[in-house]
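What follows is one structure encoded as C-alpha coordinates, with my remarks underneath.
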Amino acid sequence: MALKKEWTTPERYRHYNDWETEYIDELVDTVTNSPWRLGFHIQPKTGLLNDPNGFSYFNGKWQLFYQAYPIGPVHGVKSWAHLTSTNLLDWEYQGLALQPDMAFDSHGVYSGSALPVNDKLLLAYTGNVRDENWGRHSYQLGAYLSKDNSIEKFDRPLISEPPKGYTHEFRDPQIIPFHDEYLLVIGGQTKDKEGKALTYSSHDLKHWTLNGELHFTEESMGFMVECPNLVFSNDKALLIFCPQGLDKSVCHYDNIYPNMYVIGDEYNLENNVITNPSALKNLDEGFDVYATQAFNAPDGRALAISWVGLPEIEYPTDDFGWAHCLSLVKELTIRENVLYQQPAQEYKELRTTQTDFTEIKSMNYEAKSARYELVIDFNESTKGLVTLMSDKDGATGLTISFDTTCGKMIIDRSNVGESFASEYGFKREFSISKKPLTLQVFVDESLVEVFVNDGEQVATARVFPKADNTYIHVDSDSQIDATCYNLRQTNQ
(Lines give C-alpha, C1' and ligand atoms only; values in the text may rest on other atoms or scores of the structure.)
Protein backbone atom coordinates (compact mmCIF):
# COMPACT_ATOMS: atom_id res chain seq x y z
CA MET A 1 0.00 0.00 0.00
CA ALA A 2 1.54 3.32 -1.11
CA LEU A 3 1.87 6.15 1.39
CA LYS A 4 -0.11 9.31 0.76
CA LYS A 5 1.64 12.19 -0.98
CA GLU A 6 -1.32 14.56 -1.30
CA TRP A 7 -3.50 15.27 1.73
CA THR A 8 -7.00 16.71 1.91
CA THR A 9 -8.26 18.57 4.97
CA PRO A 10 -10.73 15.79 5.90
CA GLU A 11 -7.88 13.27 5.76
CA ARG A 12 -5.69 15.40 8.02
CA TYR A 13 -8.47 15.54 10.62
CA ARG A 14 -9.52 11.90 10.37
CA HIS A 15 -9.38 10.05 13.69
CA TYR A 16 -6.17 8.07 14.14
CA ASN A 17 -8.07 4.83 14.74
CA ASP A 18 -9.94 5.17 11.46
CA TRP A 19 -6.83 4.52 9.39
CA GLU A 20 -6.46 1.02 7.95
CA THR A 21 -4.08 -1.35 9.74
CA GLU A 22 -2.35 -2.06 6.44
CA TYR A 23 -1.64 1.63 5.94
CA ILE A 24 -0.14 2.03 9.41
CA ASP A 25 1.99 -1.09 8.93
CA GLU A 26 3.34 0.29 5.66
CA LEU A 27 4.03 3.65 7.31
CA VAL A 28 5.96 2.04 10.18
CA ASP A 29 7.98 -0.12 7.79
CA THR A 30 8.82 2.85 5.54
CA VAL A 31 9.95 5.05 8.43
CA THR A 32 11.97 2.25 10.02
CA ASN A 33 13.90 1.72 6.81
CA SER A 34 14.20 5.40 5.94
CA PRO A 35 17.55 7.08 5.31
CA TRP A 36 18.60 9.93 7.57
CA ARG A 37 17.15 8.51 10.80
CA LEU A 38 18.90 10.03 13.80
CA GLY A 39 21.06 8.38 16.42
CA PHE A 40 20.94 10.65 19.50
CA HIS A 41 18.20 13.19 18.82
CA ILE A 42 14.48 12.83 19.47
CA GLN A 43 12.52 12.03 16.32
CA PRO A 44 8.98 10.81 15.62
CA LYS A 45 8.32 7.09 15.40
CA THR A 46 6.08 7.93 12.43
CA GLY A 47 4.57 11.07 10.97
CA LEU A 48 5.26 14.61 12.03
CA LEU A 49 6.92 16.05 15.12
CA ASN A 50 6.84 19.77 15.83
CA ASP A 51 6.85 22.03 18.90
CA PRO A 52 8.44 20.64 22.09
CA ASN A 53 6.05 21.01 25.02
CA GLY A 54 5.83 20.44 28.74
CA PHE A 55 9.60 20.24 29.32
CA SER A 56 9.88 19.70 33.07
CA TYR A 57 11.15 17.52 35.91
CA PHE A 58 8.60 15.44 37.76
CA ASN A 59 8.40 12.10 39.58
CA GLY A 60 12.18 11.71 39.52
CA LYS A 61 12.38 11.98 35.74
CA TRP A 62 12.73 14.52 32.98
CA GLN A 63 9.40 14.93 31.22
CA LEU A 64 9.10 16.03 27.62
CA PHE A 65 6.21 16.20 25.20
CA TYR A 66 5.96 17.28 21.58
CA GLN A 67 3.16 18.04 19.17
CA ALA A 68 2.64 14.97 17.03
CA TYR A 69 0.64 13.91 14.01
CA PRO A 70 1.56 10.23 13.80
CA ILE A 71 -0.21 9.39 10.52
CA GLY A 72 2.00 11.35 8.12
CA PRO A 73 4.59 14.11 7.63
CA VAL A 74 1.93 16.83 7.48
CA HIS A 75 0.15 19.13 9.91
CA GLY A 76 -2.98 17.15 10.77
CA VAL A 77 -4.97 16.91 13.98
CA LYS A 78 -2.36 17.13 16.74
CA SER A 79 -1.72 15.29 19.99
CA TRP A 80 1.04 15.50 22.59
CA ALA A 81 3.49 12.61 22.47
CA HIS A 82 5.13 11.90 25.84
CA LEU A 83 8.73 10.95 26.65
CA THR A 84 10.54 10.45 29.96
CA SER A 85 14.23 10.22 30.81
CA THR A 86 16.49 9.79 33.81
CA ASN A 87 19.56 11.24 32.10
CA LEU A 88 18.40 13.69 29.37
CA LEU A 89 19.94 11.30 26.83
CA ASP A 90 17.88 8.12 26.65
CA TRP A 91 14.15 8.69 26.33
CA GLU A 92 11.33 6.23 26.93
CA TYR A 93 8.26 6.74 24.77
CA GLN A 94 5.09 6.79 26.88
CA GLY A 95 2.57 7.13 24.06
CA LEU A 96 0.17 9.94 23.23
CA ALA A 97 -0.59 11.73 26.50
CA LEU A 98 -2.98 14.45 25.35
CA GLN A 99 -5.31 13.68 22.48
CA PRO A 100 -8.07 15.75 20.81
CA ASP A 101 -10.96 14.04 22.55
CA MET A 102 -13.11 16.81 24.07
CA ALA A 103 -15.14 19.78 22.86
CA PHE A 104 -12.42 22.30 23.74
CA ASP A 105 -9.62 20.58 21.77
CA SER A 106 -11.54 18.72 19.06
CA HIS A 107 -9.30 19.87 16.21
CA GLY A 108 -5.93 19.62 17.88
CA VAL A 109 -3.92 19.73 21.08
CA TYR A 110 -1.62 22.70 20.55
CA SER A 111 1.47 23.82 22.41
CA GLY A 112 1.94 24.59 26.07
CA SER A 113 3.96 23.90 29.21
CA ALA A 114 4.12 21.77 32.34
CA LEU A 115 4.53 22.54 36.04
CA PRO A 116 4.80 20.11 38.97
CA VAL A 117 2.02 20.77 41.48
CA ASN A 118 2.13 18.59 44.60
CA ASP A 119 2.08 14.98 43.37
CA LYS A 120 0.88 15.76 39.83
CA LEU A 121 2.17 17.49 36.74
CA LEU A 122 -0.02 20.33 35.48
CA LEU A 123 -0.16 20.44 31.69
CA ALA A 124 -1.28 23.78 30.26
CA TYR A 125 -2.04 23.81 26.54
CA THR A 126 -4.10 25.39 23.77
CA GLY A 127 -7.12 23.55 22.45
CA ASN A 128 -7.84 24.16 18.79
CA VAL A 129 -11.46 24.02 17.61
CA ARG A 130 -12.90 24.65 14.15
CA ASP A 131 -16.54 25.65 13.60
CA GLU A 132 -18.75 24.69 10.66
CA ASN A 133 -17.19 27.50 8.58
CA TRP A 134 -13.70 26.35 9.55
CA GLY A 135 -13.21 29.42 11.74
CA ARG A 136 -10.69 28.93 14.55
CA HIS A 137 -11.53 29.04 18.25
CA SER A 138 -8.78 28.67 20.83
CA TYR A 139 -9.09 27.68 24.48
CA GLN A 140 -6.35 27.61 27.10
CA LEU A 141 -6.77 24.29 28.83
CA GLY A 142 -5.39 22.31 31.72
CA ALA A 143 -4.86 18.67 32.62
CA TYR A 144 -3.11 16.75 35.37
CA LEU A 145 -0.64 13.95 34.65
CA SER A 146 -0.34 11.54 37.57
CA LYS A 147 2.71 9.53 38.53
CA ASP A 148 1.34 6.52 36.63
CA ASN A 149 1.02 8.68 33.47
CA SER A 150 -2.77 8.80 33.55
CA ILE A 151 -4.39 12.02 32.34
CA GLU A 152 -7.24 13.97 33.92
CA LYS A 153 -8.36 16.92 31.80
CA PHE A 154 -10.00 19.93 33.41
CA ASP A 155 -13.72 20.26 32.68
CA ARG A 156 -13.48 23.95 31.87
CA PRO A 157 -10.79 26.12 30.25
CA LEU A 158 -8.24 28.03 32.25
CA ILE A 159 -8.89 30.92 29.86
CA SER A 160 -12.03 30.55 27.76
CA GLU A 161 -11.45 33.25 25.15
CA PRO A 162 -8.87 35.77 23.97
CA PRO A 163 -8.92 39.25 25.51
CA LYS A 164 -11.05 41.91 23.88
CA GLY A 165 -9.33 43.22 20.78
CA TYR A 166 -7.52 39.93 20.07
CA THR A 167 -8.15 37.21 17.51
CA HIS A 168 -8.29 33.47 18.18
CA GLU A 169 -4.65 33.27 17.08
CA PHE A 170 -4.00 33.05 20.80
CA ARG A 171 -1.91 30.13 22.02
CA ASP A 172 1.12 28.44 23.65
CA PRO A 173 0.65 29.15 27.39
CA GLN A 174 3.70 28.94 29.62
CA ILE A 175 2.93 28.73 33.36
CA ILE A 176 5.71 29.43 35.86
CA PRO A 177 5.79 30.20 39.58
CA PHE A 178 6.62 33.85 40.18
CA HIS A 179 7.06 35.24 43.68
CA ASP A 180 3.99 34.11 45.66
CA GLU A 181 1.73 33.41 42.68
CA TYR A 182 1.72 31.96 39.17
CA LEU A 183 2.40 33.71 35.90
CA LEU A 184 1.07 32.65 32.50
CA VAL A 185 2.81 33.97 29.38
CA ILE A 186 1.05 33.49 26.04
CA GLY A 187 1.34 34.53 22.41
CA GLY A 188 -1.35 36.40 20.55
CA GLN A 189 -2.47 38.57 17.69
CA THR A 190 -4.53 41.76 17.84
CA LYS A 191 -7.47 42.32 15.52
CA ASP A 192 -5.17 44.74 13.71
CA LYS A 193 -2.94 41.74 12.97
CA GLU A 194 -0.12 42.73 15.32
CA GLY A 195 1.81 40.10 17.25
CA LYS A 196 1.92 40.42 21.03
CA ALA A 197 2.90 38.49 24.12
CA LEU A 198 0.53 38.76 27.09
CA THR A 199 0.58 37.67 30.71
CA TYR A 200 -1.98 36.51 33.27
CA SER A 201 -1.64 35.95 37.03
CA SER A 202 -3.24 33.45 39.40
CA HIS A 203 -3.00 32.38 43.03
CA ASP A 204 -4.73 29.03 42.60
CA LEU A 205 -4.02 27.94 38.97
CA LYS A 206 -7.77 28.06 38.31
CA HIS A 207 -8.74 31.73 38.20
CA TRP A 208 -6.58 33.89 35.95
CA THR A 209 -6.40 37.69 35.81
CA LEU A 210 -5.19 39.43 32.67
CA ASN A 211 -2.17 41.67 33.28
CA GLY A 212 -2.12 42.85 29.66
CA GLU A 213 0.56 43.04 27.01
CA LEU A 214 4.07 42.16 28.08
CA HIS A 215 6.34 45.14 27.36
CA PHE A 216 9.80 44.21 26.10
CA THR A 217 10.29 46.29 22.95
CA GLU A 218 9.02 49.36 21.16
CA GLU A 219 9.27 47.58 17.80
CA SER A 220 6.40 45.91 15.98
CA MET A 221 6.52 42.12 16.40
CA GLY A 222 4.99 41.21 13.06
CA PHE A 223 1.56 39.62 12.75
CA MET A 224 1.83 36.92 15.45
CA VAL A 225 3.96 35.99 18.45
CA GLU A 226 4.26 32.26 19.07
CA CYS A 227 5.86 30.18 21.82
CA PRO A 228 6.88 32.89 24.34
CA ASN A 229 8.99 31.51 27.19
CA LEU A 230 10.23 33.50 30.16
CA VAL A 231 13.21 32.07 32.08
CA PHE A 232 15.85 33.45 34.42
CA SER A 233 19.65 33.17 34.58
CA ASN A 234 22.04 34.92 36.93
CA ASP A 235 19.27 37.27 38.07
CA LYS A 236 18.51 38.28 34.49
CA ALA A 237 15.24 37.77 32.62
CA LEU A 238 15.32 36.01 29.25
CA LEU A 239 12.34 36.04 26.91
CA ILE A 240 12.45 33.58 24.00
CA PHE A 241 9.72 33.89 21.35
CA CYS A 242 8.83 33.54 17.67
CA PRO A 243 7.61 36.78 16.05
CA GLN A 244 6.05 35.71 12.76
CA GLY A 245 6.24 38.37 10.07
CA LEU A 246 8.86 40.42 11.92
CA ASP A 247 10.25 43.21 9.77
CA LYS A 248 13.84 42.30 8.91
CA SER A 249 14.94 45.87 9.61
CA VAL A 250 14.27 45.16 13.31
CA CYS A 251 16.53 42.11 13.32
CA HIS A 252 17.69 40.37 10.16
CA TYR A 253 16.82 36.73 9.55
CA ASP A 254 16.61 34.50 6.48
CA ASN A 255 14.27 31.73 7.64
CA ILE A 256 10.56 31.81 6.91
CA TYR A 257 9.96 32.70 10.59
CA PRO A 258 12.54 33.61 13.25
CA ASN A 259 13.17 32.42 16.79
CA MET A 260 14.31 35.48 18.78
CA TYR A 261 15.20 36.50 22.31
CA VAL A 262 15.72 39.57 24.49
CA ILE A 263 17.61 39.87 27.79
CA GLY A 264 16.40 42.20 30.53
CA ASP A 265 17.50 43.17 34.02
CA GLU A 266 14.33 41.65 35.49
CA TYR A 267 10.66 40.97 34.95
CA ASN A 268 8.54 43.53 36.80
CA LEU A 269 5.07 42.11 37.41
CA GLU A 270 3.53 45.36 38.65
CA ASN A 271 4.23 47.07 35.34
CA ASN A 272 4.27 43.85 33.27
CA VAL A 273 7.59 44.81 31.74
CA ILE A 274 11.01 43.33 31.12
CA THR A 275 13.23 46.14 32.33
CA ASN A 276 16.12 47.50 30.30
CA PRO A 277 15.62 44.97 27.49
CA SER A 278 18.30 44.27 24.92
CA ALA A 279 17.69 44.53 21.21
CA LEU A 280 16.17 41.47 19.57
CA LYS A 281 18.64 38.76 18.65
CA ASN A 282 18.46 35.50 16.73
CA LEU A 283 18.46 32.53 19.07
CA ASP A 284 20.00 30.38 16.34
CA GLU A 285 22.01 31.59 13.35
CA GLY A 286 21.23 28.53 11.24
CA PHE A 287 18.39 27.28 9.09
CA ASP A 288 15.88 25.24 11.06
CA VAL A 289 15.35 26.13 14.74
CA TYR A 290 11.89 27.19 15.85
CA ALA A 291 9.43 27.00 18.76
CA THR A 292 12.10 26.70 21.46
CA GLN A 293 10.85 25.74 24.91
CA ALA A 294 12.86 26.61 28.03
CA PHE A 295 12.35 26.25 31.77
CA ASN A 296 14.20 26.72 35.04
CA ALA A 297 14.97 23.20 36.22
CA PRO A 298 15.09 22.24 39.91
CA ASP A 299 18.84 21.57 39.64
CA GLY A 300 19.39 25.29 39.02
CA ARG A 301 19.94 25.15 35.29
CA ALA A 302 17.92 26.94 32.63
CA LEU A 303 17.36 24.26 29.99
CA ALA A 304 15.99 24.60 26.47
CA ILE A 305 15.09 22.38 23.54
CA SER A 306 13.89 23.36 20.07
CA TRP A 307 11.89 22.05 17.18
CA VAL A 308 14.36 21.51 14.32
CA GLY A 309 12.02 22.15 11.46
CA LEU A 310 10.04 25.11 10.22
CA PRO A 311 6.36 25.69 9.40
CA GLU A 312 5.37 25.56 5.75
CA ILE A 313 8.64 23.93 4.62
CA GLU A 314 8.89 20.52 2.96
CA TYR A 315 11.81 18.28 3.98
CA PRO A 316 13.28 15.28 2.11
CA THR A 317 12.17 12.84 4.83
CA ASP A 318 8.54 13.67 3.96
CA ASP A 319 8.81 11.07 1.18
CA PHE A 320 9.52 8.43 3.83
CA GLY A 321 6.58 9.16 6.11
CA TRP A 322 8.23 11.28 8.81
CA ALA A 323 9.32 14.85 9.42
CA HIS A 324 11.48 16.80 11.84
CA CYS A 325 13.29 16.25 15.13
CA LEU A 326 14.25 18.05 18.31
CA SER A 327 17.56 19.74 19.03
CA LEU A 328 20.05 18.86 21.72
CA VAL A 329 19.05 20.02 25.18
CA LYS A 330 20.95 23.22 25.84
CA GLU A 331 21.98 24.93 29.06
CA LEU A 332 21.27 28.68 28.92
CA THR A 333 23.52 31.05 30.84
CA ILE A 334 23.63 34.84 30.80
CA ARG A 335 27.05 36.29 31.52
CA GLU A 336 27.83 40.00 31.16
CA ASN A 337 24.52 40.43 29.33
CA VAL A 338 25.44 37.79 26.72
CA LEU A 339 23.43 34.61 26.25
CA TYR A 340 25.48 31.41 26.06
CA GLN A 341 23.84 28.21 24.84
CA GLN A 342 25.85 25.09 25.54
CA PRO A 343 24.99 21.42 25.06
CA ALA A 344 23.81 19.95 28.35
CA GLN A 345 26.70 18.48 30.30
CA GLU A 346 25.11 15.01 30.06
CA TYR A 347 26.08 14.73 26.39
CA LYS A 348 29.67 14.02 27.39
CA GLU A 349 28.39 10.60 28.48
CA LEU A 350 27.69 9.76 24.82
CA ARG A 351 31.38 9.81 23.94
CA THR A 352 32.94 6.44 23.16
CA THR A 353 36.26 6.57 21.28
CA GLN A 354 38.20 9.71 20.41
CA THR A 355 40.76 10.70 17.81
CA ASP A 356 43.10 13.64 18.44
CA PHE A 357 44.83 15.94 15.96
CA THR A 358 47.47 18.40 17.21
CA GLU A 359 49.36 21.26 15.58
CA ILE A 360 48.07 20.69 12.06
CA LYS A 361 46.86 23.07 9.38
CA SER A 362 44.79 20.64 7.36
CA MET A 363 42.82 17.52 8.12
CA ASN A 364 41.18 14.84 5.98
CA TYR A 365 39.51 12.32 8.26
CA GLU A 366 36.89 9.65 7.61
CA ALA A 367 34.59 9.54 10.60
CA LYS A 368 33.82 6.04 11.80
CA SER A 369 30.09 6.79 11.75
CA ALA A 370 27.73 9.64 10.94
CA ARG A 371 27.32 10.34 14.68
CA TYR A 372 30.12 12.32 16.24
CA GLU A 373 31.20 15.40 18.15
CA LEU A 374 34.02 17.49 16.71
CA VAL A 375 35.91 20.09 18.77
CA ILE A 376 38.40 22.38 17.01
CA ASP A 377 40.50 25.20 18.45
CA PHE A 378 41.75 27.90 16.07
CA ASN A 379 44.19 30.70 16.79
CA GLU A 380 43.36 34.38 16.74
CA SER A 381 43.46 36.13 13.34
CA THR A 382 42.69 32.96 11.43
CA LYS A 383 40.83 32.09 8.26
CA GLY A 384 39.57 28.57 7.78
CA LEU A 385 37.14 26.15 6.22
CA VAL A 386 35.50 23.10 7.79
CA THR A 387 33.65 20.68 5.51
CA LEU A 388 31.37 18.05 7.05
CA MET A 389 29.47 15.11 5.54
CA SER A 390 31.86 15.21 2.61
CA ASP A 391 33.21 12.82 0.05
CA LYS A 392 36.87 11.81 0.20
CA ASP A 393 38.01 14.69 -2.03
CA GLY A 394 36.05 17.38 -0.21
CA ALA A 395 34.03 18.22 -3.31
CA THR A 396 30.72 18.05 -1.46
CA GLY A 397 29.50 18.72 2.06
CA LEU A 398 28.24 21.30 4.52
CA THR A 399 30.85 24.05 4.81
CA ILE A 400 31.67 26.35 7.71
CA SER A 401 33.97 29.16 6.59
CA PHE A 402 35.24 31.88 8.90
CA ASP A 403 37.59 34.79 9.34
CA THR A 404 38.29 35.79 12.93
CA THR A 405 40.10 38.96 11.81
CA CYS A 406 36.91 40.52 10.50
CA GLY A 407 34.62 38.45 12.72
CA LYS A 408 32.52 36.62 10.15
CA MET A 409 31.22 33.08 9.67
CA ILE A 410 29.28 31.53 6.78
CA ILE A 411 27.50 28.18 6.86
CA ASP A 412 26.60 26.79 3.44
CA ARG A 413 24.44 23.72 2.78
CA SER A 414 24.09 24.21 -0.98
CA ASN A 415 26.30 21.24 -1.85
CA VAL A 416 25.33 18.47 0.55
CA GLY A 417 22.92 15.77 -0.61
CA GLU A 418 19.23 16.47 -1.19
CA SER A 419 18.33 20.12 -1.76
CA PHE A 420 15.28 21.75 -0.14
CA ALA A 421 13.90 25.13 1.00
CA SER A 422 15.83 26.85 -1.78
CA GLU A 423 13.56 29.91 -1.65
CA TYR A 424 15.10 30.79 1.73
CA GLY A 425 18.70 30.45 0.60
CA PHE A 426 21.48 27.97 1.23
CA LYS A 427 23.81 30.22 3.22
CA ARG A 428 23.71 31.86 6.63
CA GLU A 429 26.24 34.59 7.41
CA PHE A 430 26.70 36.03 10.90
CA SER A 431 29.20 37.86 13.08
CA ILE A 432 31.54 36.13 15.52
CA SER A 433 33.96 37.53 18.09
CA LYS A 434 37.39 38.66 16.86
CA LYS A 435 39.35 36.31 19.09
CA PRO A 436 40.63 32.74 19.09
CA LEU A 437 37.84 30.50 17.84
CA THR A 438 36.47 27.27 19.27
CA LEU A 439 33.97 25.19 17.34
CA GLN A 440 32.03 22.36 18.98
CA VAL A 441 30.03 20.53 16.34
CA PHE A 442 27.53 17.71 16.77
CA VAL A 443 26.75 15.64 13.67
CA ASP A 444 23.89 13.13 13.70
CA GLU A 445 23.07 11.52 10.34
CA SER A 446 20.97 14.42 8.97
CA LEU A 447 21.46 17.14 11.58
CA VAL A 448 24.38 19.45 12.37
CA GLU A 449 24.52 21.72 15.45
CA VAL A 450 27.41 24.18 15.65
CA PHE A 451 28.36 25.85 18.95
CA VAL A 452 30.67 28.83 18.46
CA ASN A 453 32.92 29.98 21.31
CA ASP A 454 31.20 28.08 24.13
CA GLY A 455 27.76 28.80 22.71
CA GLU A 456 28.09 32.53 22.18
CA GLN A 457 26.41 31.70 18.86
CA VAL A 458 24.67 28.52 17.77
CA ALA A 459 23.78 27.46 14.24
CA THR A 460 21.61 24.46 13.38
CA ALA A 461 21.07 22.83 10.00
CA ARG A 462 19.16 19.84 8.68
CA VAL A 463 21.11 18.27 5.82
CA PHE A 464 20.44 15.08 3.87
CA PRO A 465 23.75 13.70 2.58
CA LYS A 466 24.57 10.55 0.67
CA ALA A 467 25.18 7.59 2.96
CA ASP A 468 28.90 7.29 2.22
CA ASN A 469 29.71 10.99 2.71
CA THR A 470 31.31 10.75 6.15
CA TYR A 471 34.58 12.63 5.65
CA ILE A 472 35.68 15.68 7.63
CA HIS A 473 37.96 18.22 5.96
CA VAL A 474 39.59 21.14 7.75
CA ASP A 475 41.86 23.80 6.24
CA SER A 476 43.32 26.66 8.26
CA ASP A 477 45.99 29.29 7.70
CA SER A 478 47.37 28.60 11.19
CA GLN A 479 47.85 25.50 13.30
CA ILE A 480 44.88 23.90 15.00
CA ASP A 481 44.09 21.26 17.60
CA ALA A 482 41.07 19.01 17.07
CA THR A 483 39.33 16.06 18.69
CA CYS A 484 36.66 13.86 17.16
CA TYR A 485 34.50 11.79 19.52
CA ASN A 486 32.36 8.95 18.26
CA LEU A 487 28.99 9.03 20.01
CA ARG A 488 26.81 6.13 21.02
CA GLN A 489 23.23 5.80 19.88
CA THR A 490 20.62 6.67 22.47
CA ASN A 491 17.38 4.90 23.30
CA GLN A 492 14.15 6.58 22.28
Side-chain angles (χ1 to χ4, degrees), residues 51-67 79-86 88 94 97-98 104-105 109-127 139-160 170-187 197-211 214 226-233 237-241 267 269 272 291-306 329 332:
D51 301 13
N53 294 301
F55 194 16
S56 54
Y57 190 82
F58 166 71
N59 194 27
K61 296 180 180 179
W62 300 101
Q63 309 283 332
L64 181 62
F65 305 78
Y66 61 82
Q67 272 193 290
S79 295
W80 274 23
H82 182 201
L83 303 168
T84 60
S85 175
T86 58
L88 282 179
Q94 303 293 344
L98 290 175
F104 294 117
D105 60 18
V109 175
Y110 280 18
S111 291
S113 58
L115 180 69
V117 178
N118 299 323
D119 62 346
K120 296 182 180 180
L121 185 66
L122 171 65
L123 308 179
Y125 67 100
T126 298
Y139 301 91
Q140 311 317 313
L141 307 176
Y144 278 123
L145 178 83
S146 65
K147 290 184 177 181
D148 65 0
N149 288 336
S150 62
I151 291 285
E152 179 186 0
K153 288 186 177 181
F154 293 7
D155 293 335
R156 301 187 61 79
L158 303 174
I159 302 171
S160 59
F170 182 63
R171 53 183 174 266
D172 311 335
Q174 181 208 26
I175 295 180
I176 59 173
F178 190 78
H179 295 168
D180 59 347
E181 55 187 330
Y182 297 98
L183 185 73
L184 184 151
V185 186
I186 190 167
L198 301 95
T199 72
Y200 289 73
S201 293
S202 174
H203 289 283
D204 60 6
L205 294 170
K206 297 178 181 179
H207 304 91
W208 293 90
T209 300
L210 175 65
N211 300 322
L214 174 61
E226 289 193 317
C227 306
N229 277 224
L230 180 62
V231 292
F232 302 90
S233 171
L238 172 67
L239 180 69
I240 300 171
F241 59 102
Y267 168 67
L269 176 60
N272 201 26
T292 298
Q293 179 153 111
F295 81 109
N296 286 102
D299 62 10
R301 293 182 292 179
L303 299 178
I305 192 168
S306 304
V329 176
L332 309 180

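- The structure places OG of S111 at 13.0 Å from OH of Y66, a figure rounded to the nearest 0.5 Å.
- To the nearest 0.5 angstrom, N296 atom CG is 7.5 Å from I176 atom CD1.
- Counting only distance, with no hydrogens or angles, the side chain of S56 and the backbone of G54 share a donor-acceptor pair below 3.5 Å.
- Side-chain contact check for L98 versus K153: some heavy-atom pair is nearer than 4.5 Å.
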Q) Is there a side chain to side chain contact (heavy atoms under 4.5 Å, CB included) between V329 and F55 once you walk through the steps? A) CA-CA 10 Å; V329 176; F55 194 16; 4.0 Å; yes
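- Scanning both residues, T292 and S306, for their nearest heavy atoms gives OG1-OG, 2.5 Å.
- In this model, no donor atom of one side chain and acceptor atom of the other lie less than 3.5 Å apart for N211 and T209.
- The closest side-chain heavy-atom distance from F241 to V185 is not below 4.5 Å.
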Q: Could you please spell out the steps behind the salt bridge (Lys or Arg N to Asp or Glu O under 4.0 Å) verdict for R301 and D299?
A: CA-CA 6 Å; R301 293 182 292 179; D299 62 10; 3.0 Å; yes
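- Residue P116 comes nearest to Y57 through the heavy atom pair CG-O, 3.3 Å, listed as atom of the first residue, atom of the second, then distance.
- Here the closest non-hydrogen pair linking D119 and F58 is O-CZ, 3.6 Å.
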(Q) Is there a side chain to side chain contact (heavy atoms under 4.5 Å, CB included) between S201 and L184? Walk through the geometry before answering. (A) CA-CA 6 Å; S201 293; L184 184 151; over 6 Å; no
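- Between the side chain of W80 and the main chain of P52, no donor-acceptor pair closer than 3.5 Å is present.
- Under 3.5 Å, the side chains of Y267 and N272 contain a donor-acceptor pair of N or O atoms.
- Judged purely by distance below 3.5 Å, without hydrogens or angles, the side chains of Q293 and S113 never pair a donor atom with an acceptor atom.
- Around CD of E152, the count of heavy atoms belonging to other residues, nucleotides or ligands within 6.0 Å does not exceed 12.
- A donor-acceptor contact under 3.5 angstrom links the side chains of Q140 and T126, judged on distance only.
- Note: F65 and H82 have parallel aromatic rings, judged against thresholds of 30 and 60 degrees for the angle between ring planes.
- Note that CG of L303 is 11.0 Å distant from CG of L64, once rounded to the nearest 0.5 Å.
- A donor-acceptor pair is defined here as one N or O able to donate and one able to accept, closer than 3.5 Å; no such pair exists between the side chain of D105 and the backbone of G127.
- To the nearest 0.5 Å, atoms CG (L210) and OG1 (T199) are separated by 7.0 Å.
- Between N59 and L121, every side-chain heavy-atom pair lies at or beyond the 4.5 Å cut-off.
- Taking OH from Y182 and CG from L205, the interatomic distance works out to 4.5 Å, rounded to the nearest 0.5 Å.
- Side chain of E226 to backbone of D172: no donor-acceptor contact under 3.5 angstrom is found.
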Q.
As a quick check of understanding, evaluate side chain to side chain contact (heavy atoms under 4.5 Å, CB included) for L115 and F295, giving each step before the final call.
A. CA-CA 10 Å; L115 180 69; F295 81 109; over 6 Å; no
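- The main-chain N or O of H207 is found under 3.5 Å from a side-chain atom of S202 such that the two form a donor-acceptor pair.
- The side-chain heavy atoms of N118 and Y144, taken from C-beta on, include no pair separated by under 4.5 Å.
- A 4.5 Å side-chain heavy-atom check between L214 and P228 finds every atom pair outside the cut-off.
- Q174 and V231 get closest at one heavy-atom pair: NE2-CG1, 4.5 Å.
- Remark: I175 CD1 to Y200 OH distance equals 12.0 Å, nearest 0.5 Å.
- The minimum heavy-atom distance linking F170 with L198 is given by the pair CE1-CD1, 4.2 Å.
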Q. N53 and Y125: side chain to side chain contact (heavy atoms under 4.5 Å, CB included), yes or no, with the steps?
A. CA-CA 9 Å; N53 294 301; Y125 67 100; over 6 Å; no
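- Although no hydrogens or angles enter the test, the distance criterion places a donor-acceptor pair under 3.5 Å between the side chain of N229 and the main chain of A294.
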